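Worksheet for the structure shown next.
The shown structure was predicted, so the numbers you read here are calculated from the model rather than taken from an experiment. As a basis for the values below, the full set of heavy atoms in this structure was taken, side chains included, without hydrogen atoms, waters or symmetry mates.
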Amino acid sequence: MSTAAHAAIDWQAAGDEMIDHLRALLRLDTRNPPGNERLAAEYLQAVLVREGIASQIVGPSPERATLIARLQGDGSAAPLLLMSHTDVVAVEPDKWSYDPFAATVTPDGWLYGRGALDMKHMVAMELMTLLLLKRAGVPLKRDVIFMAAADEETGGEQGAGWVVRHHPELIQAEYALNEGGGVATEINGRRYYTVQTAEKGTARFRLRARGTPGHGSRPHPDNAILKLAAALARLREQQPPAHFTKSLRGFVEGIAAAQPPEVAAQLRAVLADEAGVDAAIAALPLPESFKLQLNAMVRNTIAPTMLRAGTQINVIPSEAEAGLDGRMLPGWTTDRFREEIRAIVGDELELEFLDDTEPLEADPESPLFDTIRAVLAEHDPEARAIPTLLTGATDAKHVAKLGIKVYGFAPWPYDGPDEWSRIHGHDERISLRAARWGVRVLYDVVARFAGA
């Protein structure tokens, strides 16, 4: 990236423009279901047309629209994909302080709207990054591809998943930047930025118990409900064993490196022995929310979420079922996971996997991670960039099938301990300060990594 091109950017004006785009996107009702992401795709395409940047809108139907644009590099390095999604989750308007689709800005500098954090702010930051690269004439060694996808909130099959299946050539890249990281957090007064390098896979399944039906007035031991309940109770007493990934080790060690010696030692004790990890996590002098997160990062997890049995209160049913949300660590398959499940619930119940997505992990030791770390050091010298493993799911599960190395990095400075919890909740918002900071950091990462 040329220093002259960087210096030519008026960051006050760029920040204002990005916020204008974000507010315009927030006013578009793209709740999924039904989606109607075409509203956002057409808005983005109109902006790109004015700037002379080619783009196209694709998807399984006119309403489920994904926009893809590209700035051409010289081809000396493989492309970089900027990922985002334009759909948002449902809202309860009566629970909000402001209309969730009015994009209200308050006098104290907060922008309210459904999607302000998940993730129309990243859509606007990536759009602005593309515009600034084009305007500044930054010479690129990598193509920079911008994908604003439909349908992420309900699995992505009609968005990023559809593109991967039908038009993989449009987004084929070496690396990608996505949601799932970039958020600043503070632990004991030390500040960290997570960079998602790994993501669990889903392995949802059904347990079914069978028994002898009968009259409710004559109980007997071959009751399907009791069999199922006994198996589920074992999940309360026994978790799957721990398995440390490279991203988990980097996460814990990265936090420890900036902590006082006694806390650092307790954090490193977590990594000392997979068999003793639960006691080590319990002993940490850190908030329970952090311990809960860490517990889910060190192992495959199983969470009962649904129950079904019987049709009449005076009839003992012949079947009882439970739906369970299973999540697998990188490197795992459903066949291997089945063995862990059986070791806990036993062999008596039927076990049927309902769906699965592959877990993924990109190496934390890479040129892109190094670039992110260097840029963050310039913009927030007191903070550290650390890898993390996302226990949920993003569109990375789709694009990783193309061999793309996906890093979650939607830069967002520390706005307080509770702001992240507003995602999918009431009064979702982002500070104008954070939005301005984020677009500048993202631009610097992309221009430095893709620039010739």
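Between Y443 and W11, the ring planes are perpendicular. Angles over 60° get that label, and only those under 30° would be called parallel.
A ring-centre distance under 6.0 Å is found for H243 and W332. W437 has its ring centre less than 6.0 Å from the ring centre of Y193.
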From CA spacing to verdict: side-chain hydrogen bond (donor to acceptor under 3.5 Å, both in side chains), H379, D444: CA-CA 10 Å; H379 288 273; D444 281 355; 2.7 Å; yes
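In this structure, the side chain of R336 engages the main chain of G331 through a donor-acceptor pair within 3.5 Å. Between the side chain of D10 and the main chain of Q12, a donor-acceptor pair closer than 3.5 Å is present. Judged by distance alone, with hydrogens and angles left aside, the side-chain atoms of R299 form a donor-acceptor pair with the main-chain N or O of P240 at under 3.5 Å. A donor-acceptor pair under 3.5 Å links the side-chain atoms of D87 to the main chain of E152, judged by distance alone.
No side-chain donor from either of D418 and S421 sits under 3.5 Å from a side-chain acceptor of the other. No hydrogens or angles considered: a donor-acceptor pair under 3.5 Å links the side chains of D108 and T106. Side-chain contact, D99 with W96: no donor N or O sits under 3.5 Å from an acceptor N or O. With 3.5 Å as the limit, one finds a donor-acceptor pair spanning the side chains of E169 and H167.
R208 is linked by a side-chain hydrogen bond (donor to acceptor under 3.5 Å, both in side chains) to E321, E350, counting only residues two or more places apart in sequence or in another chain. In this view, D143 and R70 satisfy the side-chain hydrogen bond (donor to acceptor under 3.5 Å, both in side chains) rule, not counting sequence neighbours.
We find that E428 and R114 are joined by a salt bridge, their nearest charged nitrogen and carboxylate oxygen being less than 4.0 Å apart.
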